[in-house]
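Written below as structure tokens is the structure these notes are about.
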Amino acid sequence: MANNDDKFKKVISHAKEYGYVFQSSEVYDGLSAVYDYAQNGVELKKNIRDYWWKAMVQMNDNIVGIDAAIFMHPTTWKASGHVDAFNDPLIDNKDSKKRYRADVLVEDFREKILQKINKDVAKAKKRFGDAFDENEFRSTNGNVLRRQKQIDDITERLTEVQEESDLAAFKQLILDLGIVCPVSGSKNWTDVKQFNLMFGTKLGASAESAMDLYLRPETAQGIFVNFLNVQKTGRMKIPFGIAQTGKAFRNEIVARQFIFRMREFEQMEMQFFIKPGSQGEWFKHWKEARLKWHLSLGLGEDNYRFHDHEKLAHYADAATDIEFRFPFGFKELEGIHSRTDFDLKQHEAYSGKKLQYFDHEDNANYTPYVLETSIGLDRMFLAVFSNALQEEELENNTTRTVLKLPAVLAPTKAAILPLVRKDEALVKLSKQIIEDLKWDFSVTYDEKDAVGRRYRRQDANGTPFCITVDGESLEDNTVTIRHRDTMEQQRVKIDDLKAIIKKEVDVKEWLMRM
Ligand code: ATP
């Protein structure tokens, strides 16, 4: 596929054409940064959620799940700091009238310099072949060193303006770097302003008695306020975790990257409650465990990198992002944060209730520290989907569009195809096979068009197996099974189908790779 922009456009149009993601309220021309999951999308999303839940909750005997409400008492958001500090710095370009996040403008600028370094390294690698020493090149080449210094200077200034919330200095940084608006190409910027990302709403029938509420901007707080309820009723011993998946809402300033940044999205979060002082060790543990989970899906080791935060949020003493190579570059997919005892202490202070743990081994009370893993389900969907979409050149000079979704996540595991749709016996046998397989897998029936076209359709849909029923099947109870990725075909017994499919789609087989 030609370039990243084209690739991303193809991802979006494929998601629509094959029933994965639609724009919300499309008949009314849509709603910005809000999307609906269609018939295939909902299955893929559910499978990703289940894959996470299995790895986090079911496989860990010290992690349990909850499902807290989206509405929470408004004091929650005072205590958590969201009312006062859940802001993004925004800046407008006066010529294009486009609005940007000031930090994202600077980060994108910095990323471009990094790309230049990587290009130089790749070029040198090609030129010098086996004799190339990358570390030496990076530490001695003049251009690389100059660019690296630029990157370090930008990072230092960005951290400083963010830490001090110095909006004038923020604007100055953008001006000094000569950043131009991608739309108008001009440097005609407004001042930088802070913008709160929470959506407000009202609870109650009459205007006078109504209570101001927020739609939760993260699921984490539902876990913190339930910490003691879960600990006591579940008789949980530290260390233990509480996981949940659910909707979160943010009035994002810039929202033009399809389901990467939405105003209504879903998070999968886990708060791990630990003994104060052990956070370094657990931070390391969860960093490794979460990366392993990602790698188990086989999207390619090179597509992930850690980005340790220089600027820590007010509640954190360490933080890293797992970044993924999306079609528009490396971006945050998951955050891992060491949140100290900030949240529980804040809820104690605002509620006046003790949220402490009695440690029988130490015979002491303390407020646990918290290690958080937080991943966006929609971003994970985009990572999986965009990575899977490929156009392959075939031997006969044709191309095929194939969605190489990890089989464990694919919405439909197998399509059953009678070779000839007018042959009633073939149709009957196909339907019998479906009746048998549907207890274990999501399967579909497809009889329209020549079988080659049906294969292509299922390839583009991401279905790992096509099972073709033909005249021979009626005689010897065998069928042809075709594998999506290799296009290899095998003749197998109908009785063996279940085992063959299970081996490829079973969650255990995939998670065991962790
Ligand atoms: P970003 O810097 O990209 O705005 P964030 O650091 O604010 O993200 P967190 O608050 O750490 O994100 O949220 C945890 C996860 O939730 C993110 O890693 C991301 O996968 C997901 N997420 C956050 N905001 C959005 C959004 N607007 N749309 C979709 N997913 C989101």
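Residues: numbered from 1 along the sequence shown. Atoms within a ligand are numbered from 1 in the order they appear, just like the ligands themselves.
Of all the heavy atoms of Leu333, the ones lying under 4.0 Å from any atom of ligand 1 belong exclusively to the backbone. When heavy-atom distances to ligand 1 are checked against a 4.0 Å cut-off, His337 comes that close only through its side chain, counted from C-beta outward. The proximity of His309 to ligand 1, defined as any non-hydrogen pair under 4.0 Å, does not occur for either the backbone or the side chain.
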Passes salt bridge (charged side-chain N to carboxylate O under 4.0 Å, His left out), Asp459 versus Arg484? Steps please. CA-CA 6 Å; Asp459 286 346; Arg484 177 196 65 197; over 6 Å; no
Verdict with supporting geometry, Phe86 and Trp77, ring-ring contact (aromatic ring centres under 6.0 Å, His included): CA-CA 10 Å; Phe86 194 52; Trp77 307 110; 8.7 Å; no
Under the side chain to side chain donor-acceptor pair (under 3.5 Å) rule, what do Tyr366 and Asp359 come out as? Steps first, then yes or no, please. CA-CA 8 Å; Tyr366 57 78; Asp359 196 322; 2.8 Å; yes
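The shortest separation from a heavy atom of Asp378 to ligand 1 is not under 4.0 Å, leaving the residue out of contact. For Gln267, the closest heavy-atom approach to ligand 1 falls below 4.0 Å.
Between Asp302 and Arg325, no side-chain nitrogen of the basic residue sits less than 4.0 Å from a carboxylate oxygen of the acidic one, so the salt-bridge criterion is not met. Salt-bridge annotation for Asp103 and Arg101: present, with a side-chain N of the basic residue lying under 4.0 Å from a carboxylate O of the acidic one. Using a 4.0 Å cut-off between a side-chain N of Lys or Arg and a carboxylate O of Asp or Glu, Lys331 and Asp108 qualify as a salt bridge. Between Asp50 and Lys46 a salt bridge is recorded (basic side-chain N to carboxylate O distance below 4.0 Å).
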Only distances under 3.5 Å count here; give the side-chain donor-acceptor pairs of residues 112-122 to other protein atoms, sequence neighbours excluded, each with its distance to 0.1 Å.
from   : atom 1 : to     : atom 2 : distance (Å)
Gln115 : NE2    : Glu111 : OE2    : 2.6
Asn118 : OD1    : Arg138 : NH2    : 3.3
Asp120 : OD2    : Arg147 : NH1    : 2.9

Side-chain polar contacts of residues 234-249 - donor-acceptor pairs under 3.5 angstrom, sequence neighbours left out - could you list them?
from   : atom 1 : to     : atom 2 : distance (Å)
Gln244 : OE1    : Ala68  : N      : 2.9
Gln244 : NE2    : Thr219 : O      : 2.9
Lys247 : NZ     : Glu264 : OE2    : 2.7

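Considering backbone and side-chain N/O atoms, Ile259 never comes within less than 3.5 Å of an N/O atom of ligand 1. The N/O atoms of Phe265, backbone and side chain alike, include none that comes under 3.5 Å of an N/O atom in ligand 1. Residue Met262 has at least one nitrogen or oxygen atom sitting less than 3.5 Å from a nitrogen or oxygen atom of ligand 1, judged on distance alone.
Ligand 1 places these atoms under 4.0 Å from at least one heavy atom of Phe260: 28 (N), 29 (C), 30 (N). Numbered from 1 in the order shown, with element, the atoms of ligand 1 that lie under 4.0 Å from a heavy atom of Glu252 read 24 (N), 26 (C), 27 (N). The atoms of ligand 1 that sit less than 4.0 Å from any heavy atom of Arg261 are 1 (P), 3 (O), 4 (O), 26 (C), 27 (N), 28 (N). In summary, the atoms of ligand 1 found under 4.0 Å from a heavy atom of Glu334, numbered by their order in the structure, are 18 (O).
Ring centers of Trp282 and Tyr369: at least 6.0 Å apart, outside the cut-off.
Here the shortest heavy-atom distance to atom 15 (C) of ligand 1, taken over Pro217, Ser374, Gly335, belongs to Ser374. Proximity annotation for atom 18 (O) of ligand 1: of Arg250, Glu107, Glu332, Glu323, Glu332 comes nearest, heavy atoms only.
Atom 19 (C) of ligand 1 has as its closest protein heavy atom Arg379 NH1, 3.5 Å. The protein atom (non-hydrogen) at minimum distance from atom 21 (C) of ligand 1 is Gly376 CA, 3.6 Å.
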